[in-house]
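Here the structure comes first, spelled out in structure tokens, and everything after it is commentary.
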Amino acid sequence: KAGVTQTPRYLIKTRGQQVTLSCSPISGHRSVSWYQQTPGQGLQFLFEYFSETQRNKGNFPGRFSGRQFSNSRSEMNVSTLELGDSALYLCASSIQGLNTGELFFGEGSRLTVL
Amino acid sequence: AQTVTQSQPEMSVQEAETVTLSCTYDTSESDYYLFWYKQPPSRQMILVIRQEAYKQQNATENRFSVNFQKAAKSFSLKISDSQLGDAAMYFCAYRSVLSGAGSYQLTFGKGTKLSVIP
């Protein structure tokens with residue numbers, strides 16, 4: 001069974017640009033969450049999607065947005081990039097309904113903003 | 001809001017020895033999940049062990065076990081017979097069992113970097 005796949009793995013952008021990151025969850029997983037990981041702030045929750053609906057959102061500015069498609073694949077977008085957006089962006093999927101709480105993570109997309 | 005604290009930014013252990021990583025959390029909820037996740041360098045985060053708060057028995061997975069003290073809101077991870085492959089960042093995480101919105105959101109601690117000395 002394929003794991004959570006994130007693309008691209010690495011990317012470099014300049015301030016003011018925008019970026020789109022993609023996440024394909026494990027087959028059968030309907031919940032996709034996004035986390036930002038930085039050395040200073042650690043892992044912070046961005047948002048969670050289930051059945052194409054955003055169920056919950058963390059404390060990030062509106063420049064951070066996301067969506068989920070009917071096949072459960074998800075994308076997140078960051079507009080007007082700032083230096084502080086440099087981070088590892090992790091996607092995680094889980095099975096809705098089992099309530100086991102386990103999240104399965106992808107390897108992440110490492111964004112560098114210059 | 002829940003908070004998770006890992007007070008040991010870095011730890012080291014000799015190969016084959018035992019090490020304990022600490023985690024404390026703060027919550028007003030009575031039922032929840034606690035997790036330890038492992039993140040090796042440049043590799044994906046994987047679940048090490050899970051504990052349901054309503055279970056008094058401490059979870060165990062092979063060489064990994066937890067000491068769950070609900071009243072003290074403490075959740076430490078013990079790694080026995082440490083191996084070189086155990087070297088990684090270890091994150092303690094909390095999740096509510098509430099269904100619906102926010103049910104799959106994890107609150108993470110800042111992590112503990114574990115080094116294993118050959």
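Order of the sequence lines fixes the chain letters, A, B, ..., with proteins taken first and strands second; residue numbering starts at 1 for each chain.
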* Between B:Tyr32 and B:Tyr25, is the ring centre distance below 6.0 Å? ->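 Centroid separation for B:Tyr32 and B:Tyr25: below 6.0 Å.
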
* So, B:Tyr37 versus B:Tyr90, ring centres under 6.0 angstrom or not? ->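 No, the ring of B:Tyr37 stays outside the 6.0 Å limit from the ring of B:Tyr90, centre to centre.
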
* How many angstroms lie between CD in B:Gln44 and NZ in B:Lys38, if you round to the nearest 0.5 Å? ->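 Result: 11.5 Å between the selected atoms.
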
* Please look at A:Gln41 and chain B and tell me whether the side chain, the backbone, both or neither of the residue comes under 4.5 angstrom of a heavy atom of that chain. =>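 The answer is the backbone of A:Gln41.
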
* **chain B contacts, top residue of A:Gln37, A:Gln44, A:Arg110 (heavy-atom pairs, under 4.5 Å)** =>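 Sorted descending by pairs with chain B, the first entry is A:Gln37.
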
* Which residue out of A:Leu90, A:Leu43, A:Val4, A:Thr53 racks up the most heavy-atom pairs below 4.5 Å with chain B? ->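 Going by pairs under 4.5 Å, I would pick A:Leu43.
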
* Asked: So, the side chain of B:Gln51 versus the backbone of B:Lys55: is there a donor-acceptor pair under 3.5 Å, distance only?
  ->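 Judged by distance alone, yes, a pair lies under 3.5 Å.
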
